[in-house]
Amino acid sequence: VLQLVESGGGSVQAGGSLRLSCEVSGVIASGRCMAWFRQTPGNEDERVATFRFRGDTTHIADSVKGRFTISQDNAKNTVYLQMNSLKTEDTAMYYCAAGRPSVGPCDSAPLSFPTRGQGTQVTVSS
């Protein structure tokens with residue numbers, strides 16, 4: 001069973017930084033499509049970034065481009081979302097998610113990433 005556990009959220013002032021972690025456990029092949037999403041009450045999930053497990057980042061949302069980056073520690077099976085120059089509008093619950101095993105380009109729709117962690121809250125204050 002594939003499990004994702006996020007951590008690293010918290011409260012920070014605008015302009016600050018946080019690094020979120022997503023620990024991946026269970027059976028997962030290199031190249032599997034994964035993503036970071038964020039959700040605020042009453043709004044749809046926003047895809048922050050898409051990447052391949054133990055692979056490249058394939059998409060970064062325009063709203064975070066230049067501020068957020070993905071990195072991975074293969075030895076720890078952990079994916080990181082480094083968030084710099086945080087803005088109040090970055091306040092959200094952040095989820096790490098995995099898509100179904102497949103070939104071809106990674107999809108963008110939240111429903112294409114059915115495996116999710118419990119999320120970690122990020123609150124940015126002005």
Side-chain angles (χ1 to χ4, degrees):
V1 177
L2 180 61
Q3 289 189 318
L4 309 174
V5 178
E6 302 94 336
S7 61
S11 297
V12 64
Q13 288 193 322
S17 298
L18 283 173
R19 188 178 75 163
L20 306 185
S21 300
C22 173
E23 185 176 350
V24 181
S25 62
V27 178
I28 179 171
S30 296
R32 181 116 161 226
C33 292
M34 296 187 65
W36 282 97
F37 288 94
R38 63 187 182 184
Q39 186 178 58
T40 53
N43 294 312
E44 294 183 355
D45 289 352
E46 178 187 6
R47 184 173 56 126
V48 175
T50 308
F51 55 95
R52 293 192 177 274
F53 184 63
R54 296 182 179 174
D56 296 333
T57 299
T58 59
H59 171 82
I60 295 282
D62 287 342
S63 57
V64 305
K65 197 169 291 182
R67 302 188 296 120
F68 291 13
T69 55
I70 300 288
S71 63
Q72 303 192 43
D73 186 330
N74 294 342
K76 295 182 178 180
N77 272 4
T78 299
V79 179
Y80 303 99
L81 179 66
Q82 179 67 45
M83 306 187 297
N84 298 328
S85 302
L86 282 162
K87 304 176 181 180
T88 55
E89 52 262 43
D90 295 320
T91 295
M93 181 71 78
Y94 284 73
Y95 296 91
C96 176
R100 299 178 182 86
S102 66
V103 298
C106 295
D107 201 355
S108 59
L111 290 177
S112 297
F113 298 86
T115 302
R116 292 192 173 196
Q118 82 288 352
T120 186
Q121 177 68 36
V122 171
T123 302
V124 184
S125 59
S126 58

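Everything quoted here is computed from the prediction, not taken from an experiment. No hydrogens, no waters, no symmetry mates; every other heavy atom, side chains included, goes into these values.
- Under the 3.5 Å distance criterion, the side-chain polar atoms of Arg38 are left unmatched by any main-chain donor or acceptor of Tyr94.
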Exercise. Given Asp62 and Lys65, is the salt bridge (charged side-chain N to carboxylate O under 4.0 Å, His left out) satisfied, shown in steps?
Worked result: CA-CA 5 Å; Asp62 287 342; Lys65 197 169 291 182; 3.2 Å; yes
For this session: Begin from the C-alpha positions of Glu46 and Ser63 and carry the test side chain to side chain contact (heavy atoms under 4.5 Å, CB included) through to its verdict.
Result: CA-CA 10 Å; Glu46 178 187 6; Ser63 57; 2.8 Å; yes
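- Ring-centre distance between Phe113 and Phe37: below the 6.0 Å cut-off.
- With a 6.0 Å radius and a threshold of 12 heavy atoms from other residues, nucleotides or ligands, Asn74 has its CG atom above the threshold.
- Side chain of Arg67 to backbone of Ser85: a donor-acceptor contact under 3.5 angstrom is found.
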For this session: Report the C-alpha distance between Asp73 and Thr78 in whole Å, list the side-chain angles of each, state the deciding distance to 0.1 Å, and finish with yes or no for side-chain hydrogen bond (donor to acceptor under 3.5 Å, both in side chains).
Result: CA-CA 5 Å; Asp73 186 330; Thr78 299; over 6 Å; no
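- When side chains are defined from C-beta on, Thr69 does not count as touching Tyr80, because their heavy atoms never get closer than 4.5 Å.
- With hydrogens and angles disregarded, no donor-acceptor distance shorter than 3.5 Å links the side chain of Gln72 to the backbone of Val79.
- Counting heavy atoms of neighbouring residues, nucleotides and ligands inside a 6.0 Å radius, atom CD of Glu23 does not exceed 12 of them.
- With Thr57 contributing its side chain and Phe51 its backbone, the two residues share no donor-acceptor pair below 3.5 Å.
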Problem set entry | Candidate pair Arg116 and Asp45, rule salt bridge (charged side-chain N to carboxylate O under 4.0 Å, His left out), full reasoning | CA-CA 12 Å; Arg116 292 192 173 196; Asp45 289 352; 2.7 Å; yes
